[in-house]
Amino acid sequence: MPLLMPLLVAALLFSIGAYGVLVRRNAILVLMSVELMLNAVNLNLVAFDVWLRDALLSGQVFTLFVITIAAAEVGLGLAIVLLVFRNRETSQLDLLTELREEPSDPAGVGTAAR
Amino acid sequence: MIPVVVAILAPALAALLGLGAGRRFPRLVVPVAIAGSAVAFLAALVLAARAISSAPLHDRLTGPTVPTGTFPFGLDVRLDGLAALVSVAVAAVALAVQVYSTAYLKGDPRYSSYAALVSLFTAAMMLVVFADDLLVLLVGWEVMGVCSYFLIGHHWEQEGARAGAVKAFVVTRLGDVGFLFGIFTLAASVKSFDIERVQAAALHGQISQSTATVATLLLLCGVVGKSAQFPLHTWLPDAMAGPTPVSALIHAATMVAAGIYLVARLYDVFLLAPSTLAVMAVIAAITMLGAALAALAQDDIKRVLAYSTVSQLAYMLAALAVGSAGAAAFHLLTHAAFKALLFLAAGSVIHAVGTNLMRDMGGLRRAMPVTFVTMTVGLAALAGLPPFSGFFSKEAVLAAAEHAARGEGPVATWAAWLVLVTGLLTVGITAAYATRLWLMTFFHEARGPVSPHEASPAMRWPLLVLAVPATLLGAVGLRSSWLPGWLGLDESLRPGAVTAALSVLLAVAGAVSVALVWRRAPATDPSGRLGRFRPAFARAFYVDELYDRVAVRPVRSAARAVLWTDDEVVAAGSLGSGRCAGRAGALLQLTQRGNVQAYLTGVLAGIVLLAVGVVTLT
């Protein structure tokens, strides 16, 4: 099987995932998009593993690791989203801007020197 | 040689005690200060007795040597006739001033530090007198300057006292820079700071004429500053803001004479440089005449005496310029006596009347007989009337000038003629201003609001004691085995017939003309007859104004420019860079909106850019 097909699919998947992460406002959809990106990576790993005929099958082993970590990550992420929703009654990412820097008076800098 | 060490250390010890414990034990201040001066006086008397009995005396005590890396300097003292006699004058005036101050500054809150500083000054002057090493002498010289500064500023609550103290310090410091380099020049040529060796090198021709000229001209800067000669004379009249006893001790009798003393000490070096002697003659001529004219129009009694001090110091410098160290020393000694007397008497008048201004005095003859008589003696000596001391010493100076004018001196004859003519003229003017002071202070009716009283005994006795040398000291110059012999000099200090007759004539003429002017309107100032010259004389020919224009104001504006640069360039630069960083930070702050997805977009864009860059550029 040519390598190109799975790589194209993986690139497509990754792009869809990246697009979802950057654009979607719902935190859960963002998490799902992250899963898409991870799966694109998995697809790459498996494809290259086959293409290189790796004796140790390290690509497939990595894929299993990534799946495990992705499961844990989704669990943790969903818990965070749940807590955020409980606290703020929203899981819209563009409304969660508590950590932004408040604009301060730029001229106030250095006036203490006088 | 022990009395020498005692004479230096006793007042120094008194000063240390006074400064250290004077505040805690105020009752000890007066005894300690007087004891220090008295011990120094006794030691100086012993030294003078030795100097007189075994003249010409020359003795030295070699102290420890201090290595400096190049030429070491030694803490040596030396004793000769000049040092012994000057030390007696210093100690006598210091003792008189200490006794006098107990009454004059009675109840002064800073009396303890005052007395200690006077003691410290006495010790420093003794060090200058006895030091046999130029660097040790310089130490004493500078300590005197500092004491002078502190004592002029004794009443530092007054603006005039502060300004006068700073002016005295800055102006004398200007001269001291030259002085320091003069010492270095001499030391570099002789390879030693030792005065004895410098003198010996000068005598044996080991100093070239050019080196001697440079060194003596530089030393002359310091002398001109310390001895208040033109063009650095302006500090002395302003130094009169200090207490009057201080003016008597420091600014009349001793410290200002230190410059003259130094020239006399290094006289063999100065004799190698005829051009320096000519410069000295010109400076002396300008100073003696100008200061005497300025004294003629002063209203403040202390400023009259200050200008007269400047003028009399110029006589000493003139004597040195025309080659007579003996006449200079003679006039130094008699001047110390009669000028200290005059200042202390003036202090007694000021204490009684409560003002310095002569137009508010008058008629004090009856109220203050002792002050009147002693001041008359002092003024007669100042005016150079025979048989008072000032006559003989001034005649010695004029005789030396006449001698040099006949081509027998070390200086060019034109310089000697200049000194002789201005010296004779100044005799007449000196008599005129002395008469004016005498008449305005003691005669006619009292013009002041307070009724004056005679001074207390502690102030009267120093006057009476100082009046004795002011009257009689002139006699020591009459025989060549007396003062010239004690100094180890081979010259005559007797008055010359022609100059004596001329100067007595001029002195009488000056005195009589002022008296005639005064008789017409006894209540007014005789100097009013000077007409349009009076403001110029009263402002001392606008030298202060000239310096204000030429030096003070440019320096002030330069200082303001520096301040402006510091404020507007240096500080503004650092503040501006701080503000710039702040503004740039604020710009960056605009991107921190808190939207995680926006950040991520940025990160991704960056990665893409990097990747594209890596691919296209490699």
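Residue numbers start from 1 in every chain, and the chains themselves are labelled A, B, ... in the order their sequence lines are given, proteins ahead of strands.
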Bottom line for B:Leu587: the part with an atom under 4.5 Å from chain A's heavy atoms is neither
To the nearest 0.5 Å, what is the distance between CG on A:Asp49 and CD on A:Gln60? 4.5 Å
Is it the side chain or the backbone of A:Leu95 that comes within 4.5 Å of chain B heavy atoms, both, or neither? neither
Could you look at A:Val23 and say if it's the side chain, the backbone, both or neither that has a heavy atom under 4.5 Å from chain B? backbone
B:Arg560 and B:Asp567 ion-paired at < 4.0 Å: no
Going by an N to O cut-off under 4.0 Å, is there a salt bridge joining B:Lys226 and B:Glu142? no
Given the side-chain rings of B:Trp141 and B:Phe179, with only the six-membered ring counted for Trp, is the space between their centroids under 6.0 Å? yes
